[in-house]
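Positions are given from 1, in the same order as the sequence printed here. Note that ligands are numbered from 1 as they come in the structure, with each ligand's atoms numbered from 1 the same way. Basis for what follows: all heavy atoms, side chains included, without hydrogens, waters or symmetry-related copies. Nothing here was measured: the structure is a model prediction, and the numbers come from that model.
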Amino acid sequence: MNFTMTKVNKICCIGAGYVGGPTMSVIASQCPEITVTVVDINQARIDQWNDEDLDNLPVYEPGLKEIVAKTRGKNLFFSTEVDKAIDEAEIIFISVNTPTKTYGKGKGQAADLKFVELCARNIAKVAKTDKIVVEKSTLPVRTASAIKSILENTGNGVNFEILSNPEFLAEGTAVEDLLKADRVLIGGDDTKSGQEAKDTLSSIYEHWLPKERILQTNVWSSELSKLVANAFLAQRVSSINAISALCERTDANVAEVSRAIGTDSRIGPKFLNASVGFGGSCFQKDILNLVYISRSFGLTEVADYWEQVIIMNDYQKRRFAENIISTLYNTVSGKKIVFFGWAFKKDTNDTRESAAINIADALLEEKAEIVVYDPKVSEKQIFADLDYLGTRSPEENKKLLKVVSNPIDAVENAHAIAVLTEWDEFKTYSWNDIYTKMLKPAFVFDGRRILDKGNMESLGFQYYKIGQS
Ligand code: UDX
Ligand code: UDX
């Protein structure tokens, strides 16, 4: 087979989600000579990507709508015509979701690869010319070989080169992360055609990144590195959260500890913010994956070690909810608790695995009345998150929880506010007005450490900040 590095005219990406959408938009904007088509089986999602009003894009990311505005209809297209896009492209990215399995073997831990397998089978069916197939979704180690086997055994006799090219973008900073990536990882076979495929994909990123930031590895290293990068990041958050619990019992301040250890250049300052617990579509899922594969190879100690990162995260969320209950005199039944934030972090409308979901669940079980304000998350999404847990009926959730669009009105007669996402706007509110409107004593539980303790206390609040006594 003969791939030449300059021959890429068309790229197809299957999956128009949080990863596929922004990644392809950036590629289109940096490679004007390449036509990029993002396909998805979800018509509603494609319609949103094609919406004239760019505020209706299905993914909110700072800077994204500007890029889509410049490229859409020129060399960036969103479509449901999956087969056509596969047929025409030289490079096909697979960026479909790989949720944690909810059934059968590996339930609750292993990644469900059914969508990836469906994609591979479809590519095999449709492809009439040689293709480079790139796995972009986070996948368990050795998935590339499964994809390869499907393609080779069911295809039309054309050649496929499979690459692993994991995405390291973080939500809320996706565009910047893509444009200024620390590194791009490309895993592929060490054969001649494998090397050509790696170089071909590399040439796309070289449009805007220096070549030395594009790392080439074998497929398994690439697949594993993605899981390990997320596991290490999550481990840092769980580590500092563990220390936050200790700080609350002593007179230490977790921010001071973070600063003190973070200035050690070997440790570094990032990912040391104590919080109500990490969320997002990747951390938990990737660690569970790591735990699952380690266990499946009989590496019990390795599996247990990484599992502890999740156990600590669950503890942090539970601890936060329990603290609200015990502080409010051991009962929250009928008490109005206002949530500032529902997204798993600021600057995104994504709520997957958000700590807010578990905290709401715990408080709703105690019959609290919750009012939620989040600047970007829709009411529909919030109820979908709660209903998905299945703890209560949708009717009961509707009865106990309200979603509002005005945060200041919401605090009228509230017993407490819980800050669950670090949206910048929360810092700019008139906390004095908020204090006046609330029932006294007025409690604020700051799960993101964004407010000033001295100031909040001088306004009269009973203020609890994670990681500080
Ligand atoms: C994806 C992967 O799910 C995840 O493993 C990886 O870590 C990051 O990339 P994300 O883009 O956030 O995550 O997922 P999501 O927003 O759910 O988008 C996936 C899209 O694929 C959905 O729009 C879905 O409709 C689409 N899809 C799914 C297909 O087009 N075809 C399928 O067969 C299955
Ligand atoms: C993560 C990885 O950062 C990214 O490289 C990968 O591609 C996908 O998974 P993401 O989940 O979008 O990205 O966000 P991230 O910024 O990593 O935050 C994850 C969670 O950890 C959030 O809930 C965040 O609030 C929390 N967090 C992060 C902390 O609680 N404290 C910190 O210091 C950092």
Side-chain angles (χ1 to χ4, degrees), residues 13-24 38-46 48-49 58-59 61 78-80 82 85 93-100 111-122 135-140 143 166-174 177-178 181-183 185 225-227 229-241 244 254-255 258 262 269-287 289 313 316-317 341 343-356 420-422 447-449 466-467:
C13 172
I14 310 177
Y18 282 89
V19 169
T23 309
M24 293 304 129
V38 191
V39 293
D40 201 295
I41 49 173
N42 182 338
Q43 179 73 53
R45 202 161 222 195
I46 290 299
Q48 281 177 293
W49 280 110
V59 171
E61 281 292 341
F78 295 93
S79 155
T80 50
V82 181
F93 287 86
I94 300 182
S95 189
V96 298
N97 40 331
T98 50
T100 303
D112 193 336
L113 296 180
K114 69 173 176 226
F115 298 136
V116 173
E117 184 173 336
L118 279 173
C119 282
R121 289 190 186 280
N122 200 32
E135 24 166 80
K136 198 79 189 152
S137 309
T138 310
L139 297 164
T143 307
E167 190 46 72
F168 293 106
L169 66 82
E171 288 175 32
T173 51
D177 292 346
L178 285 160
D182 286 341
R183 73 339 198 158
L185 193 52
S225 298
K226 167 71 196 223
L227 297 185
N230 277 341
F232 269 58
L233 291 169
Q235 180 199 39
R236 278 174 76 97
V237 178
S238 273
S239 297
I240 200 67
N241 281 345
S244 77
V254 78
S258 292
K270 294 180 182 165
F271 271 72
L272 289 178
N273 290 322
S275 71
V276 62
F278 61 74
S281 68
C282 286
F283 280 6
Q284 170 152 324
K285 187 185 73 178
D286 290 354
I287 293 175
N289 245 319
N313 198 48
Q316 188 76 347
K317 294 187 270 188
F344 81 97
K345 62 189 273 196
K346 73 170 179 178
D347 293 339
T348 177
N349 61 346
D350 193 352
T351 65
R352 287 176 288 180
E353 305 295 339
S354 179
L420 297 174
T421 312
E422 72 281 24
R448 294 293 184 162
R449 300 185 47 86
I466 226 157

Identify, for [atom], the protein heavy atom at the shortest distance, and state residue, atom and that distance.
{"atom": "atom 27 (N) of ligand 1", "answer": "Val96 CG1, 3.7 Å"}
{"atom": "atom 12 (O) of ligand 1", "answer": "Arg352 NH2, 2.7 Å"}
{"atom": "atom 3 (O) of ligand 1", "answer": "Asn97 CA, 2.7 Å"}
{"atom": "atom 29 (C) of ligand 1", "answer": "Ile41 CG1, 3.4 Å"}
{"atom": "atom 33 (O) of ligand 2", "answer": "Asn273 N, 2.9 Å"}
{"atom": "atom 4 (C) of ligand 1", "answer": "Lys285 NZ, 3.3 Å"}
{"atom": "atom 5 (O) of ligand 2", "answer": "Phe168 O, 2.6 Å"}
{"atom": "atom 16 (O) of ligand 2", "answer": "Lys345 NZ, 2.8 Å"}
{"atom": "atom 11 (O) of ligand 2", "answer": "Phe344 CE1, 3.5 Å"}
{"atom": "atom 2 (C) of ligand 2", "answer": "Asn230 OD1, 3.4 Å"}
{"atom": "atom 21 (O) of ligand 1", "answer": "Gly15 CA, 3.4 Å"}
{"atom": "atom 7 (O) of ligand 1", "answer": "Thr138 OG1, 2.6 Å"}

Should Arg45 be counted as touching ligand 1, given the test is an N or O pair under 3.5 Å?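 There is such a contact, yes.
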Please report whether ligand 1 has a polar contact with Lys136, defined as an N or O pair separated by less than 3.5 Å (distance criterion only).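 Not met; the criterion fails.
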Would you check the N or O atoms of [X], main chain and side chain alike, for any that come under 3.5 Å of an N or O of ligand 2?
{"X": "Phe283", "value": "no"}
{"X": "Glu422", "value": "no"}
{"X": "Gly277", "value": "no"}

Near [X], which atoms of ligand 2 are under 4.0 Å from a heavy atom of that residue?
{"X": "Val237", "result": "27 (N), 28 (C), 29 (C), 30 (O), 31 (N), 32 (C), 34 (C)"}
{"X": "Leu169", "result": "4 (C), 5 (O), 6 (C), 7 (O), 8 (C)"}
{"X": "Leu233", "result": "3 (O)"}
{"X": "Ser275", "result": "29 (C), 30 (O)"}
{"X": "Glu167", "result": "7 (O)"}
{"X": "Leu272", "result": "33 (O)"}

If you take the nearest heavy atom of each of Asp40, Val19, Asn42, Thr23, which one is closest to atom 24 (C) of ligand 1?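 Heavy atom nearest to atom 24 (C) of ligand 1 belongs to Asp40.
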Enumerate the atoms of ligand 1 whose separation from the nearest heavy atom of [X] is less than 4.0 angstrom.
{"X": "Cys282", "value": "7 (O)"}
{"X": "Gly17", "value": "11 (O), 15 (P), 16 (O), 18 (O)"}
{"X": "Thr98", "value": "3 (O), 4 (C), 5 (O)"}

Approximate separation, where rounding is to 0.5 Å, of Arg236 CZ and Ile240 CD1: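 Going from CZ on Arg236 over to CD1 on Ile240, the span is 8.5 Å.
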Please confirm whether Lys226 approaches ligand 1 to less than 4.0 Å, judged on its heavy atoms.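 Per 4.0 Å heavy-atom rule, Lys226 does not contact ligand 1.
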Val59 side chain reached by Trp49 side chain, heavy atoms, under 4.5 Å: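 A side-chain contact exists here, since the closest heavy-atom pair is under 4.5 Å.
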Going by atom types alone, do [X] and [Y] pair a side-chain donor with an acceptor below 3.5 Å?
{"X": "Lys345", "Y": "Ser275", "value": "no"}
{"X": "Asn349", "Y": "Tyr18", "value": "yes"}
{"X": "Gln316", "Y": "Ser244", "value": "yes"}

Check this for me: does any side-chain nitrogen of one of Glu135 and Lys226 sit under 4.0 Å from a carboxylate oxygen of the other?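 No, Glu135 and Lys226 are not salt-bridged.
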Applying a strict 4.0 Å limit to heavy atoms, is Arg448 in contact with ligand 2?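 Yes, Arg448 has a heavy atom closer than 4.0 Å to ligand 2.
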